[in-house]
Amino acid sequence: MNLFALSFLLVLIPVISQVTLGTYVLYNQIKLSFGKITIFNTILLFVMIFSGLDTINKDLINQNVKCGMPSASFFFLCFVIFLLFLLILFFQLLFKKRIQRNLTK
């Protein structure tokens with residue numbers, strides 16, 4: 001398997017985890033704190049980004065590639081995924097505030 005694709009899939013794990021676990025917490029289907037899940041997924045996202053970059057760099061060294069553009073493209077892709085993660089987090093927090101406002105009425 002292509003290590004670029006594997007690294008990309010590793011970076012998507014925290015985003016998918018935030019969507020699923022965050023939604024479960026918002027609908028009170030699991031008894032975890034939304035903040036703890038968010039902090040865990042944020043830390044996991046940064047760990048996966050750095051491990052993905054390290055994997056790609058080691059693969060480039062093994063293939064004797066001197067150009068750094070594959071690493072730069074992966075870093076830009078991770079930046080876009082991080083922005084997507086923040087957008088998902090924003091909408092989940094907005095939905096959480098809406099639920100809390102409806103419960104107080």
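In terms of heavy-atom proximity, F4 sits nearest to S73 at CE1-OG, 4.0 Å. Smallest separation of non-hydrogen atoms from M48 and L10: CG-O, 3.4 Å. The shortest heavy-atom contact between L26 and Q92 is CD1-O, 3.7 Å. Closest approach of Q18 and L89 over heavy atoms only: NE2-CD1, 3.9 Å. The minimum heavy-atom distance linking G52 with S7 is given by the pair O-OG, 3.5 Å.
Residues L84 and F74 are members of one and the same hydrophobic cluster, defined by side-chain heavy-atom contacts under 4.5 angstrom among Ile, Leu, Val, Met, Phe, Trp and Tyr. Side-chain heavy atoms closer than 4.5 Å link hydrophobic residues (I, L, V, M, F, W, Y) into clusters, and following such links, even through other members, never connects I39 to V25. The cluster map of Ile, Leu, Val, Met, Phe, Trp and Tyr, joined by side-chain heavy atoms under 4.5 Å apart, puts F75 and V11 in the same cluster. The hydrophobic cluster containing V15 does not contain F91, counting ILVMFWY residues as joined when their side-chain heavy atoms lie under 4.5 angstrom apart, directly or transitively. Under the 4.5 Å side-chain heavy-atom criterion for ILVMFWY residues, a single connected hydrophobic cluster contains both L32 and L93.
Under the 4.5 Å side-chain criterion, counting only non-hydrogen atoms from C-beta, P70 is in contact with L60. Contact of the L94 side chain with the R98 side chain is not registered, since no non-hydrogen atoms from C-beta on lie closer than 4.5 Å. The shortest side-chain heavy-atom distance between L6 and L3 falls under the 4.5 Å cut-off. Residues N41 and L45 fail the side-chain proximity criterion, which asks for heavy atoms closer than 4.5 Å.
Heavy atoms from other residues, nucleotides or ligands lying under 6.0 Å from OH of Y24 number 12 at most.
In this structure, the separation between OG on S71 and CG on N57 is 3.5 Å, given to the nearest 0.5 Å. For the atom pair CG of L9 and CG of N2, the computed distance is 10.0 Å after rounding to the nearest 0.5 Å. With rounding to the nearest 0.5 Å, the separation of CD1 in I49 from CZ in F79 is 10.5 Å. For the atom pair CZ of F8 and CD1 of I13, the computed distance is 11.5 Å after rounding to the nearest 0.5 Å. Rounded to the nearest 0.5 angstrom, L83 CG and C78 SG are separated by 11.5 Å. The CD1 atom of I81 lies 4.5 Å from the CG atom of L12; values are rounded to the nearest 0.5 Å.
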(message) Working note: T42 + T38, criterion side chain to side chain contact (heavy atoms under 4.5 Å, CB included); need CA distance, chi angles, decisive distance, verdict.
(response) CA-CA 6 Å; T42 305; T38 302; 4.2 Å; yes

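Between F82 and F46, the distance from one ring center to the other falls under 6.0 angstrom. Aromatic ring centroids of F90 and F85 lie 6.0 Å or more apart.
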